[in-house]
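What follows is a set of notes on a single structure, which appears directly below.
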Amino acid sequence: MSDSSIFVGSKIKGIRESKNLSVEEIAESSGLSVEQINSIENDQNLPSLGPLIKIARALGVRLGTFMDDNDALGPVVCRAEEREKNSSISFSNGAADARKHMEYHPLAQQKAGRHMEPFIIDINPEDKPDFKLSAHEGEEFIYVMQGEVEIEYGKEKYMLKEGDSIFYDSIVKHHVHGAPGKSAKILAVIYIPF
């Protein structure tokens, strides 16, 4: 992860405090525990997307707010060389001994009022993944740019190779990760109704 990486927890804490909301109020609204929220805010626990979406709803903001820097009303262009220099966000896979397995590079963080969240995601290799499936409202589209990706979706497993894509309803429990021991790079577009 680069030095410019965003720590989502501190951003969440800042938004919560600016709205004069307590951790207990966010826990009650999101259905998460006070302990979970404290560990996320203190950047001790890198959450998966599911808890982040619940926190965003409890705070009354879009998921992308945790990554936003500016709010552009017109089109937003993200140049390749800028994307490499820009912030990235890492999320855990739910494993106690793993700090991250995916590094998200937002592609439209300056776009105001968006309902889609486009990312380039670097997936780090894991020999023994220990992950938890999660669900949230919305839809996801994934296109494999490099490597191989395994997607657990409900009771099914889908193996995708370079050039393959998948579109699914994210209300069904799912998890995206690299094939065992392999890294990958994907384009992901996540739609979350607000």
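Just so you know, these numbers come straight off a predicted model, no measurement behind them.
- Of the listed residues (Lys11, Arg16, Lys13), just one forms a side chain to side chain donor-acceptor pair (under 3.5 Å) with Glu41, and that residue is Arg16.
- With rounding to the nearest 0.5 angstrom, the CD1 atom of Ile121 is 9.0 Å from the NE2 atom of His105.
- Put simply, the side chain of Lys54 never gets that close to the backbone of Leu32: no donor and acceptor are under 3.5 Å apart.
- Shown here are the salt bridge (Lys or Arg N to Asp or Glu O under 4.0 Å) partners of Glu148, two or more places apart in sequence or in another chain: Lys182.
- By the side chain to side chain donor-acceptor pair (under 3.5 Å) test, Glu17 pairs with no residue at all, sequence neighbours left out.
- Take Glu150 and apply the salt bridge (Lys or Arg N to Asp or Glu O under 4.0 Å) test, not counting sequence neighbours, and it matches no residue.
- Going from atom NZ of Lys173 over to atom CG of Leu133 covers 7.5 Å, rounded to the nearest 0.5 Å.
- The aromatic ring centres of His174 and Tyr168 sit less than 6.0 Å apart.
- Nearest heavy atom pair, residue Ile37 against residue Ser30, reads CD1-OG, 3.8 Å.
- To the nearest 0.5 angstrom, Met145 atom CE is 9.0 Å from Asp122 atom CG.
- Shown here are the side-chain contact (heavy atoms from CB on, under 4.5 Å) partners of Glu137, two or more places apart in sequence or in another chain: Arg57, Ile171, Pro193.
- We find the CD-CD1 distance between Glu140 and Ile190 to be 4.5 Å, quoted to the nearest 0.5 Å.
- Distance check, rounded to the nearest 0.5 Å: CD1 of Ile186 to OH of Tyr143 gives 12.5 Å.
- In this structure Ser22 satisfies the side-chain contact (heavy atoms from CB on, under 4.5 Å) test together with Glu24, Glu25, sequence neighbours excluded.
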Throw together a table of side-chain donor-acceptor distances under 3.5 angstrom for residues 153-162, partners on residues two or more places apart or in other chains.
| residue | atom | partner | partner atom | Å |
| --- | --- | --- | --- | --- |
| Tyr153 | OH | Asp169 | O | 3.0 |
| Lys157 | NZ | Glu152 | OE2 | 3.4 |

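- A donor-acceptor pair under 3.5 Å links the side-chain atoms of Ser170 to the main chain of Gly138, judged by distance alone.
- In terms of heavy-atom proximity, Ser183 sits nearest to Pro125 at CB-CD, 3.7 Å.
- Ring geometry for Phe167 against Phe141 counts as tilted: the plane angle lies between 30° and 60°, on a 0 to 90° scale.
- How far CD1 of Ile12 is from CD1 of Ile26: 9.5 Å, rounded to the nearest 0.5 Å.
- Nearest approach of Ile123 to Gly178, heavy atoms of both residues: CG2-N, 3.3 Å.
- The shortest heavy-atom contact between Leu21 and Ala58 is CD1-O, 4.5 Å.
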